[in-house]
Amino acid sequence: MSILKLRPSCKDYIWGGHRLAEEYGIAYDGNVLAEAWELSCHPDGPSTIINGVHAGKSLQQYIDEQGKEVLGTNCKQFEDFPILIKLIDAKEDLSIQVHPDSEYALRNEGQYGKSEMWYVLDAAEGAYLYYGFQEEINKEEFEKRIKEETLLEVLNAVPVQKGDVLFIEAGTIHAIGKNIMVAEIQQNSNVTYRVYDYGRVGEDGKKRDLHIEKALDVTKRAPVVRDGSHYPHLADCDYFTVDKLNLDNGIMKKMEGVVSEASFMSILILDGKGTVTNQKEAVGFQKGDSLFLPAGSGAYQIEGICDALITTIRDRSKA
């Protein structure tokens with residue numbers, strides 16, 4: 001078994017909708033499906049193998065049994081599985097938040113920090129998200145605006161549309177706005193410091209906690225400078241490299257490559273359907289599917305009509 005198809009862990013956060021079930025085929029019988037953790041070894045939401053001899057095992061169980069060699073030599077630098085991949089449906093605004101870097105998070109939370117990238121799957125007309133500050137502010141003003149609930153006045157609101165890509169480095173204040181769907185590739189972390197939540201309350205009738213002191217510690221208070229340093233990739237950092245695949249059964253009928261001993265390969269299907277072939281094994285896929293090819297799987301071929309995100313881990317020494 002060289003191609004693993006995964007079932008995601010589902011999250012019903014209060015701001016979510018139901019489009020991941022309706023449009024992406026995520027099996028879920030609840031009313032709110034905010035996130036589908038498509039590739040995850042995180043204990044808060046592990047993904048599960050649904051095909052072949054390993055069906056029923058979590059991805060982490062598979063790695064424990066087969067050995068870390070299935071992750072590749074480029075993952076030896078990480079104590080745990082390095083990434084987490086999600087589909088996110090924001091029917092309502094997400095809280096304004098920030099993630100720490102790994103040094104701070106490991107010291108204070110016992111897990112990795114979080115840098116991440118967003119690929120916008122869909123956005124309503126006029127939709128926007130928050131991405132850093134409009135202008136640099138000092139720590140005192142930042143704290144004052146959090147407590148007075150005027151923080152939105154100084155945040156950078158970015159209109160988005162389908163296909164847009166943003167890289168959110170740890171320490172960048174951000175939030176997905178309502179009526180936006182994204183695919184998120186991030187470090188394997190569930191650490192979030194919330195600083196504003198629109199006064200919402202949870203199922204217990206209480207406002208959700210804010211994490212002001214920790215946010216003050218880690219937030220970069222200058223505007224984000226966007227550059228082309230990730231080219232030719234959608235995103236490229238020490239923790240993940242993400243590329244876009246588009247097969248149209250015309251100019252691009254198929255993709256061929258090799259999964260080397262250096263890194264596993266994750267394939268997240270954003271649209272369409274087709275087949276992945278590896279080691280004489282063929283696995284069909286459709287919109288919303290997540291596939292994992294272990295390091296050293298060798299030659300593979302992807303055929304069909306589809307859009308997909310391909311994620312691997314690069315050699316940090318070649319950055």
Side-chain angles (χ1 to χ4, degrees), residues 1-14 16 20-21 24-30 32-72 74-89 99-100 102 105-106 109-119 182-192 239-240 242 259 263-270 276 283 285-295 297 308-313:
M1 172 57 59
S2 56
I3 306 171
L4 306 182
K5 182 179 284 191
L6 303 175
R7 180 175 66 241
S9 177
C10 297
K11 304 296 180 181
D12 62 349
Y13 305 136
I14 60 175
L20 295 179
Y24 285 79
I26 306 301
Y28 184 72
D29 57 8
V32 175
L33 177 53
E35 296 184 353
W37 291 19
E38 296 275 343
L39 178 71
S40 171
C41 288
H42 199 285
D44 290 347
S47 49
T48 305
I49 299 166
I50 60 172
N51 68 321
V53 297
H54 301 290
K57 298 175 184 176
S58 71
L59 181 58
Q60 185 63 60
Q61 287 176 313
Y62 165 81
I63 295 167
D64 291 341
E65 291 177 3
Q66 301 298 312
K68 288 191 174 182
E69 292 78 13
V70 299
L71 303 184
N74 291 348
C75 291
K76 288 183 178 179
Q77 60 188 301
F78 304 112
E79 182 176 346
D80 300 314
F81 190 72
I83 62 171
L84 199 166
I85 297 179
K86 305 174 179 177
L87 295 176
I88 301 175
D89 174 17
H99 307 301
S102 288
L106 287 168
E109 310 293 349
Q111 59 177 301
Y112 292 136
K114 189 196 295 189
S115 288
E116 61 194 12
M117 69 145 279
W118 291 335
Y119 179 89
V182 305
E184 178 177 287
I185 291 86
Q186 58 161 87
Q187 287 179 260
N188 184 11
S189 171
N190 199 25
V191 178
T192 295
Y239 308 101
F240 50 79
V242 184
V259 182
S263 173
F264 67 86
M265 185 171 77
S266 163
I267 307 171
L268 179 66
I269 308 301
L270 308 181
V276 179
V283 173
F285 62 76
Q286 62 185 8
K287 182 177 181 177
D289 281 348
S290 173
L291 305 171
F292 177 91
L293 277 67
S297 295
L309 296 182
I310 310 293
T311 304
T312 54
I313 311 299

Practice task
Begin with the C-alpha distance, continue with both residues' side-chain angles, and end with the deciding distance and a verdict on side chain to side chain contact (heavy atoms under 4.5 Å, CB included) for Ser189 and His99.
Solution key: CA-CA 9 Å; Ser189 171; His99 307 301; over 6 Å; no
Rounded to the nearest 0.5 Å, what separation is found between the [atom1] atom of [X] and the [atom2] atom of [Y]?
X: Lys86; Y: Trp118; atom1: NZ; atom2: CH2; answer: 10.5 Å
X: Phe240; Y: Gln187; atom1: CZ; atom2: CD; answer: 7.0 Å
X: Thr311; Y: Ile85; atom1: OG1; atom2: CD1; answer: 4.0 Å
X: Leu4; Y: Asn51; atom1: CG; atom2: CG; answer: 6.5 Å
X: Met117; Y: Gln186; atom1: CE; atom2: CD; answer: 11.5 Å
X: Arg7; Y: Thr48; atom1: CZ; atom2: OG1; answer: 4.5 Å

Exercise for the section: Any salt bridge (charged side-chain N to carboxylate O under 4.0 Å, His left out) involving residues 45-57? Give me the pairs, sequence neighbours left out, ordered by first then second residue. Expected result: Lys57-Glu65
What closest approach, in Å, do [X] and [Y] show between heavy atoms, and which atom pair accounts for it?
X: Ile49; Y: Ser58; answer: CD1-O, 4.3 Å
X: Pro46; Y: Ser9; answer: O-CB, 3.6 Å
X: Gly288; Y: Ile26; answer: O-CD1, 3.9 Å
X: Ser297; Y: Ser2; answer: OG-O, 3.9 Å
X: Val276; Y: Ile3; answer: O-CD1, 3.4 Å
X: Lys287; Y: Leu270; answer: CG-O, 3.4 Å

Does a side-chain heavy-atom distance below 4.5 Å link [X] with [Y]?
X: Ser102; Y: Tyr239; value: yes
X: Ile63; Y: Cys41; value: yes
X: Lys114; Y: Thr192; value: yes
X: Phe264; Y: Val70; value: no
X: Ser47; Y: Ser40; value: yes
X: Tyr28; Y: Leu20; value: no
X: Phe285; Y: Ile267; value: no
X: Leu39; Y: Leu268; value: no

Exercise for the section: Give me the ring orientation class for Tyr112 and Phe78: parallel if the planes are under 30° apart, tilted from 30 to 60°, perpendicular past 60°. Expected result: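 Rings of Tyr112 and Phe78: perpendicular, as their planes differ by over 60°.
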Exercise for the section: Indicate the ring-plane relationship of Tyr62 and Phe292, choosing parallel, tilted or perpendicular according to the 30° and 60° boundaries. Expected result: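 Answer is perpendicular, since the angle exceeds 60°.
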Practice task
Examine the side chains of Asp80 and Asn188 and answer whether a donor and an acceptor come within less than 3.5 Å of each other.
Solution key: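 The answer is no; no qualifying pair exists.
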Handout entry: Donor-acceptor contact present, side-chain Asp289 to main-chain Ile269, <3.5 Å
Key = no
Exercise for the section: Determine yes or no for a side-chain-to-main-chain donor-acceptor pair under 3.5 angstrom, with Gln111 supplying the side chain and Asn190 the backbone. Expected result: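 A pair under 3.5 Å: yes.
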Problem - Trace of the side chain to side chain contact (heavy atoms under 4.5 Å, CB included) decision for Leu6 with Glu38 - result: CA-CA 7 Å; Leu6 303 175; Glu38 296 275 343; over 6 Å; no
Practice task
Starting from the C-alpha separation in whole Å, work towards a yes-or-no answer on side chain to side chain contact (heavy atoms under 4.5 Å, CB included) for His54 and Gln66.
Solution key: CA-CA 11 Å; His54 301 290; Gln66 301 298 312; 3.4 Å; yes
Practice task
Carefully, step by step, assess Val32 and Ile14 under the rule side chain to side chain contact (heavy atoms under 4.5 Å, CB included).
Solution key: CA-CA 7 Å; Val32 175; Ile14 60 175; over 6 Å; no
Handout entry: Partner of Cys10 under side-chain contact (heavy atoms from CB on, under 4.5 Å), chosen from Leu87, Asp29, Leu33
Key = Leu33
